[in-house]
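A quick write-up on the structure given underneath.
The residues of the chain are indexed from 1 along the displayed sequence. Both ligands and their constituent atoms are indexed starting at 1 by order of listing. Worth saying up front: this structure is predicted, and the values here are computed from it rather than measured.
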Amino acid sequence: MEPLLGNTSESTIDNLQSTMNLMRQITEIAECREAVRSFQRRGQSVGLVLTMGALHAGHLSLIADARKRCDEVAVTIFVNPTQFGPKEDFSKYPRPLENDLKLCREAGAAIVFTPDVGTMYATDAAATLHVGVIGERLCGAYRPGHFDGVATVVCKLFNILPADAAFFGEKDYQQLTVIRRIVRDLNIPIEIVGCPTIREPDGLAMSSRNVYLSETERLQATSLSRALFAARAAVAAGEKDASSIVDQIRRTILDAGPASVDYIEVVDPDSLASLNWMHGRARICLAVRIGATRLIDNVEFQSQED
Ligand code: PAF
């Protein structure tokens, strides 16, 4: 007996796929690139959401934003070894693939690329990206090489999935800034769309790492967003001295329980350079360890011009 789609051409399968809203899981590079291009050949724009899996409402809102802006959405799920330090959680990073695929399907993704490490990196891979100072401050100072690893894998994924636009959360603000920089500096033909941080009802920024928090730590973790929102209100009310804002945030976080602050910094939203005095737009970024879990968060500030 002939297979069901025995004589059916590839474009008929593509048409069938999009009419029936079927999602394709792809593990090979050439097939993935061709799937994106075949949408574009038919005049459909493709939005890209890059993830390391363990999808939560934050990722789903990126997929929803991509669906609003583009005709089709491609998602990648790849826990990238080159962005983890030797003492970080690469091997224990959550990998609930079946559930992630289900969530992508429900969210309306057309393609999910799930390569293995051997597909992404040749054993003798030598070429990598180096992003310089923008990747060496803030989190980069505590995670040496992290943003070079992110920049390298993101650039590879942009080459494998030549989409029209890519959607990233502002929660990882330094990552978003680094990605904007590589796209600008290397003339990568893709639009980068920054999307607002999605928070739990109590304010905690959503992160795949929140599952590591104990019940008490989870409660304590709400102090990060509480401190940032209070600081934003203080800036709106006229506070301009960055060090007093930072002190106020530090006090709120440490009052909530034992925590170790990696950094709290007021920065220029484009260059990430440290600011002593607020005028116009600024970003406050922080990284705090609660127990064994490192959490990051940030908010945009708008102070009145002097
Ligand atoms: O934000 C992430 O999940 C990762 O850093 C990314 C952008 C998918 C690259 O591995």
**Item:** Polar proximity ligand 1 side, Asn80 side, N/O cut 3.5 Å exclusive
**Value:** no
**Item:** Donor-acceptor side-chain pairing of Asp247 and Ser244 below 3.5 angstrom
**Value:** no
**Request:** Could you tell me which atoms of ligand 1, counted from 1 in the order shown, lie closer than 4.0 angstrom to a heavy atom of Thr51?
**Result:** 8 (C)
**Complete:** Interatomic distance, CG@Leu48 vs CZ@Phe168, rounded to 0.5 Å, equals 6.5 Å
**Request:** For the residue pair Phe84 and Phe90, categorise the inter-ring angle as parallel (less than 30°), tilted (30 to 60°) or perpendicular (more than 60°).
**Result:** perpendicular
**Electrostatic pair Glu170:Arg283 at N-O distance under 4.0 angstrom** = yes
**Item:** Lys92 charged N/C atom sitting above Tyr212 aromatic ring, 6.0 Å / 45°
**Value:** yes
**Asked** Please state which protein non-hydrogen atom is closest to atom 3 (O) of ligand 1 and give its distance, to 0.1 Å?
**Response** Met52 CG, 3.5 Å
**Complete:** So the atoms of ligand 1 within less than 4.0 Å of a heavy atom of Val153 turn out to be 9 (C), 10 (O)
**Request:** Starting from atom 10 (O) of ligand 1, find the nearest protein heavy-atom neighbour and note its residue, name and distance.
**Result:** Gln83 OE1, 2.6 Å
**Asked** At what distance is the nearest protein heavy atom to atom 5 (O) of ligand 1, and which residue and atom is it?
**Response** Gln175 OE1, 2.7 Å
**Complete:** With heavy atoms and a 4.0 Å threshold, my read on which part of Thr76 contacts ligand 1 is neither
**Pair Asp65 + Lys68, salt bridge at N-O below 4.0 Å** = yes
**Message:** Taking 4.0 angstrom as the limit and counting only heavy atoms of Leu50, give me the atoms of ligand 1 inside it, by number and element.
**Reply:** 8 (C)
